[in-house]
Amino acid sequence: MNRPLFVFVWLVGLSGCITAADVELPAASPVLVVDARFTPVTPWTVLLQRSVPLGPESPLGPLPVTDADVQIAGSDGTRLPLEHVGGGLYSAAVHPDAGVTYTLTAEAPGLPPVHATDAVPDRPRVYGATMHRLIVHDPQGAQFYEILRIDQYGAPSSFRIQNPELRGQLLGPYDDDLLEPTAGDSYTMIALFDDAAFDGSSYEIRFGDDAGGVHATHVRSVTSAYQQYMRVARTQDYVVGNPFIEPFSVPSNVQGGNGLFAGYATSVVGSQTEEALRHRLQGRYRIQQAHHRRFTTEVDLVAAGAEGRLDITHDLKVKGYLHLPPFAQGMDTLRIDLDGGYRMEGNRIRLYHGTGSLINHHAFFVHDRRMTLSMDVGTHETLFLAWTPAG
Amino acid sequence: MLLGLMVWTMGGPCSLLLAQSFSIRGYITDASTGEALIGATVAIAGTLRGATTNTYGYFALTASGDSAMVRVQFLGFEAMEQRVSRLDNPVLRIALTPATVGLAAVTVEAEREANGLNQQTLTVADIEALPALAGETDVLKALQFLPGVQGGIEGSSGLYVRGGGPDQNLLLLDGATVYNASHLFGFFSTFNTDAISSVTLYKGGFPARYGGRLSSVVDISMREGNRQRFRSDATVGLIASRVTLEGPIRKGQSAFMLSARRTYLDAFLRAQQALVREDYRIGYFFSDFNAKLNATLSNRDDVFFSVYTGRDRFYNNNLRTSEGSNPYGTYHLQWGNITSTLRWNRVVGQRAFWQTMLLVSRFRYGIRDYEVYESDLGDGQRLKHEMLATVSSGIQDITLKSDVALAPRGQHQWRYGAQLTHHTFQPKAERSRNVQRDAVVRDTSAVQRVFSTEWAAYAEDVLTLGTTLTAHAGLRATGFHTDGAAYYGLHPRLSTTWQRPVWRWETSVATAQQFIHLLTTSTTSLPADLWVPTTDTVGPQYAWQTAVGGSRALYQGAYDVEVEAYWKRMYGVLTYREGGQAFGSADRWEQEVLVGDGVSRGVEMLVRKRHGRLRGFIGYTLAWTDRWFDAIEQGMRFPFRYDRRHDIALTLTHPWKHRIVSVAWVYATGIATTVPVGRYSRGDGDVLIYGSRNSYRMPAYHRLDVSVKTPYRRGHDTLTFGFYNLYNRRNPLFYFEDDKQAYDPEQERVISRTRTHKFSLLTIVPSISYRFVL
């Protein structure tokens with residue numbers, strides 16, 4: 001919370017009061033939600049879920065749609081049916097191509113059909129890259145860029161961009177906040193900006209001089225749909241619940257539904273490519289640690305009989321299982337079939353399998369081939385899981 | 001328009017038929033203080049000719065023959081007559097004697113007649129008669145009781161006039177623009193009622209002399225000071241105290257007025273924090289200071305100089321204690337206005353009243369964050385870091401303005417003038433300084449400034465046609481020049497009054513243009529709200545408004561009834577694009593806003609009881625206000641946040657023994673807001689899906705305020721005791737969701753249990769204040 005807002009709340013809190021409201025907010029009908037960010041170095045994956053109305057009891061996390069008919073059609077004549085591999089993840093062992101416009105259609109029982117169109121933009125042309133700068137040769141016309149800097153483990157690393165003409169749009173929402181002075185340029189994890197300041201020219205991007213942990217810089221060309229969605233979605237993360245900001249929906253290019261279907265292309269400066277990270281990850285894993293913690297009480301679930309195995313392949317498939325002993329009241333031993341697919345997001349991996357399982361869609365942090373997950377399973381209750389290479 | 005031209009053409013020759021006419025002009029003042037009486041009626045006995053005094057107490061009218069008997073009346077004062085000869089015809093200075101003193105006179109004064117349906121004038125007595133939040137009487141909150149005026153969120157002194165936004169109100173203090181009229185994030189306005197004499201609100205049909213905003217003009221006059229004797233009074237309240245000093249500099253010729261107000265929450269907090277030995281000092285205060293000097297230089301010349309300065313300040317200081325706090329430093333958030341007015345009024349010849357003003361307005365907000373901390377380098381070595389960051393923004397105007405008002409001649413009464421304003425917009429100025437081991441490692445600063453010039457010229461004519469029909473016509477030409485862009489406009493204004501035996505009918509049509517915009521990041525008034533100029537990509541706002549209505553008296557004048565319907569169309573209004581306001585960037589605001597249109601239409605009714613022991617009024621507004629933007633919901637219309645279908649305000653005052661009891665009750669349709677209707681998962685978090693913009697209505701807003709004024713020391717002192725929101729209505733300010741999570745064994749997943757809560761800002765708030773003559 002920025003400080004003037006804190007001042008405001010502090011002052012009016014003296015006379016304000018909070019009461020439970022007996023109001024029924026309207027509920028929207030469920031729709032198909034698409035999550036597909038596609039790029040030529042990764043096979044097609046499309047995640048489908050259904051939106052849920054807000055209510056007194058609604059499931060946390062996504063409600064995967066597992067019985068949809070999903071097709072990709074390309075402007076080059078491609079016709080590609082996608083196969084459900086688990087947890088609402090649909091994939092095909094085919095890569096998108098740059099310059100081709102793709103249209104997604106998806107139909108699922110009980111939900112309105114959806115379609116969305118976007119393309120993979122050309123890879124950004126990057127020159128003269130060092131730890132502290134790089135030059136982007138920007139073509140004529142509106143372009144959008146996303147920059148990530150990652151460390152040796154593929155984890156996003158915070159960084160500063162020192163170009164004053166990009167201020168106010170790097171990531172928002174408080175990068176350039178009038179209410180909160182910053183001692184210099186603020187840090188960001190992902191920079192998302194347009195080329196209004198340098199359209200059609202070679203443009204030097206200068207990073208802060210504190211880039212010691214950075215092993216690679218990913219410069220992405222992204223489409224307008226991608227830029228709009230990601231920018232507003234990230235902003236919503238920051239401001240949701242702030243009563244002094246007009247609520248806003250995240251714009252979607254999915255007709256009839258919600259979500260994002262958008263392409264991007266990456267130029268990598270350094271060795272940590274998305275493909276290399278996937279290569280490093282593939283192999284067999286076993287569950288090494290499983291703990292359940294409630295307040296200060298911790299139970300070792302491995303000692304109580306937890307076990308599991310996981311095989312990860314380079315083509316985004318997973319196979320395995322997880323058995324957990326009871327850790328909540330009224331619970332039997334939990335047996336989770338992990339056969340399905342996965343997605344990589346930097347140094348995080350999300351597993352997609354089954355429909356209503358505990359760890360479906362949750363992100364494991366990958367650190368030197370060790371995958372860990374700490375998740376809330378109740379108020380003041382957490383579950384910790386760790387996979388390590390088997391043998 | 002054609003009819004208008006015919007009427008004008010006919011009006012000219014008629015004036016030539018007049019013979020042996022002469023102008024009578026002068027000033028009407030309060031004999032007890034020497035201050036100008038605004039709105040006093042001056043008439044020529046035995047005729048229907050008359051005039052009312054302007055903001056400076058000046059009037060001018062035309063008489064025929066060799067002499068005329070002038071009769072001057074003002075409610076609460078003894079009427080006075082004076083014969084004026086054509087041959088011996090000086091600028092008159094007539095002083096009226098107050099009829100009575102004390103609270104009874106106040107309530108009489110409070111019932112002064114409004115000047116028209118589009119124009120409402122409130123005196124300080126009107127404002128002080130109303131119950132007030134925390135006992136702090138407030139000009140802008142008093143205006144919120146009037147039909148067609150909304151108050152925004154709970155407790156706010158914001159104004160939303162006939163569907164307009166808060167940026168569309170021109171707030172003038174002695175002619176100078178006040179850009180941010182709020183203290184304490186909008187809970188109180190910057191106008192200290194001890195320092196002002198009257199407030200006039202124009203909510204449509206603006207005279208051509210006003211411009212620059214679309215929705216309303218709030219013209220506030222500062223008191224001039226007592227020219228007859230020294231006087232001082234003070235008010236002690238729960239959250240603030242006020243003191244006012246006034247008196248003659250040269251008796252009957254010149255006077256001064258000084259008034260100050262300050263809150264003292266910070267003093268209480270400071271004492272409490274010191275008492276429990278806290279190692280921080282956190283506090284907040286606001287203060288206002290008004291000063292005015294005026295002098296009559298000759299029978300024809302008067303000069304005035306007034307200054308207002310006000311500020312809000314929040315501070316949070318971490319003290320350096322003997323144990324060595326780490327970090328320590330200071331954080332100051334401060335904002336405030338300064339306005340000053342230098343005015344010269346001169347009566348020129350027999351007919352002209354000429355005034356020239358030099359005006360300065362400034363609003364500035366700034367943050368200063370200074371922090372010192374020490375890091376441990378091991379081996380007992382410590383490294384000292386100092387960081388200083390400052391950010392400020394603001395706007396400053398310098399305006400030169402001149403007007404000439406002519407005495408009526410024949411059927412015409414002309415007025416014309418011009419003004420030139422130099423705006424300095426400073427969206428952002430910042431400085432960043434880092435020091436390590438007493439060596440400066442970084443010291444950068446940057447200032448953005450945009451300069452603009454705005455000019456306007458106007459002409460007005462009041463055309464009298466017979467004894468029942470009056471037309472007030474005007475034309476205003478405007479221009480705005482800024483970086484790479486220039487805009488011009490021509491704005492006709494026309495209003496008519498037709499006095500029938502029972503009803504008085506009024507019509508008006510007016511256009512207006514607004515060259516500056518307010519970027520506001522929230523639903524309340526935050527100091528970081530930013531004024532920015534029209535640019536080559538974001539053009540000016542434009543509106544036209546028409547209204548028709550009537551008024552009449554009932555039961556021998558015991559009641560007044562006013563009814564008016566209006567229709568207002570707005571073009572080029574701004575809103576942030578989805579999520580844009582959260583970026584709050586001064587650098588790229590043009591990319592973050594959307595330009596669209598708006599419309600507001602409605603009917604306003606006001607019934608006033610003017611006489612008897614029970615007095616007051618009830619106002620009702622039935623209105624619809626919509627906005628639409630191409631980029632929001634495919635250009636579909638949606639309700640404005642403060643679109644309120646029904647709005648009722650009831651105020652009553654009644655004597656109770658020697659006390660005065662005041663009651664105010666307000667009711668308004670709930671605020672239109674946008675609520676989440678669904679969600680989906682995006683990785684580690686949820687994306688909320690919202691319903692259509694402003695499609696959900698909060699419950700209706702209503703509350704009852706009560707105050708009791710008890711006079712002491714023969715009415716010189718007054719004890720006021722009151723309650724805001726007496727029946728403790730918990731009006732929702734906003735809703736929020738509270739999630740609790742639990743593992744559901746049946747579904748084998750974590751379930752979120754969501755409950756909706758509401759936040760109510762001001763429940764019952766008692767107040768007490770004591771006003772006394774020093």
Side-chain angles (χ1 to χ4, degrees), chain A residues 4 7-8 11-12 15-21 23 25-28 33 49 51-54 56-62 167-169 172-173 176-179 181 183-184 232-233 235 237 239-241 243-250 258 328 330-331 334 356-358 363 376-379, chain B residues 185 284 314 333 367 369 387 389-391 393 432 434 522-524 526 528 578-579 581-588 674-682 684-685 687-691 730 734-736 740-743 745 747-754 756-763 765:
Chain A
V7 178
F8 180 83
L11 289 166
V12 303
S15 60
C17 75
I18 294 171
T19 53
V23 291
L25 300 180
V33 179
Q49 56 178 304
S51 64
V52 293
L54 290 185
E57 293 205 2
S58 57
L60 201 65
R167 295 186 68 178
Q169 61 158 340
D176 199 23
D177 193 343
L178 276 170
L179 296 173
V232 178
T235 307
D237 285 345
V239 303
V240 72
F244 304 105
I245 288 182
E246 186 83 41
F248 51 88
S249 288
V250 177
N258 219 317
M331 177 181 174
L334 193 60
S357 88
L358 189 67
D376 292 335
V377 291
T379 306
Chain B
F185 302 97
Y284 165 85
F314 170 80
L333 166 66
I367 293 176
D369 197 356
M387 291 196 305
T390 64
V391 173
S393 72
S432 172
N434 285 3
S522 72
T523 50
T524 188
L526 285 176
E578 287 167 329
Q581 69 198 70
F583 289 84
S585 170
D587 304 332
R588 288 169 52 94
T674 310
V675 294
V677 295
R679 64 176 169 79
Y680 62 88
S681 176
R682 188 178 71 87
D684 297 324
V687 173
L688 287 176
I689 302 168
Y690 286 90
R730 295 186 173 186
F734 56 82
Y735 293 125
F736 66 96
K740 286 196 172 163
Q741 294 163 7
Y743 179 76
Q747 298 187 49
E748 293 187 352
R749 61 187 305 157
V750 180
I751 297 294
S752 172
R753 294 191 167 91
T754 305
T756 303
H757 294 263
K758 70 176 175 183
F759 183 80
S760 302
L761 187 55
L762 297 171
T763 52
V765 181

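Chain identifiers are assigned alphabetically (A, B, ...) following the order of the sequence lines, protein sequences preceding nucleic acid strands; residue numbering begins at 1 within each chain. Quick caveat, the model's predicted, so the values are computed rather than measured. Computed over heavy atoms, backbone and side chain alike; hydrogens, waters and symmetry mates excluded.
In this structure, the portion of V33(A) lying under 4.5 Å from any heavy atom of chain B is its side chain and not its backbone. For chain A, the nearby part of V675(B) is the side chain; its heavy atoms alone come within less than 4.5 Å.
Within the 3.5 Å criterion, the main-chain N or O of Y690(B) finds a donor-acceptor partner in the side chain of S249(A). Of the possible polar contacts, one joining the Q49(A) side chain to the S681(B) backbone as a donor-acceptor pair under 3.5 Å is found.
Contact detail for P247(A) and T674(B): the closest heavy-atom pair is CG-O, 3.5 Å.
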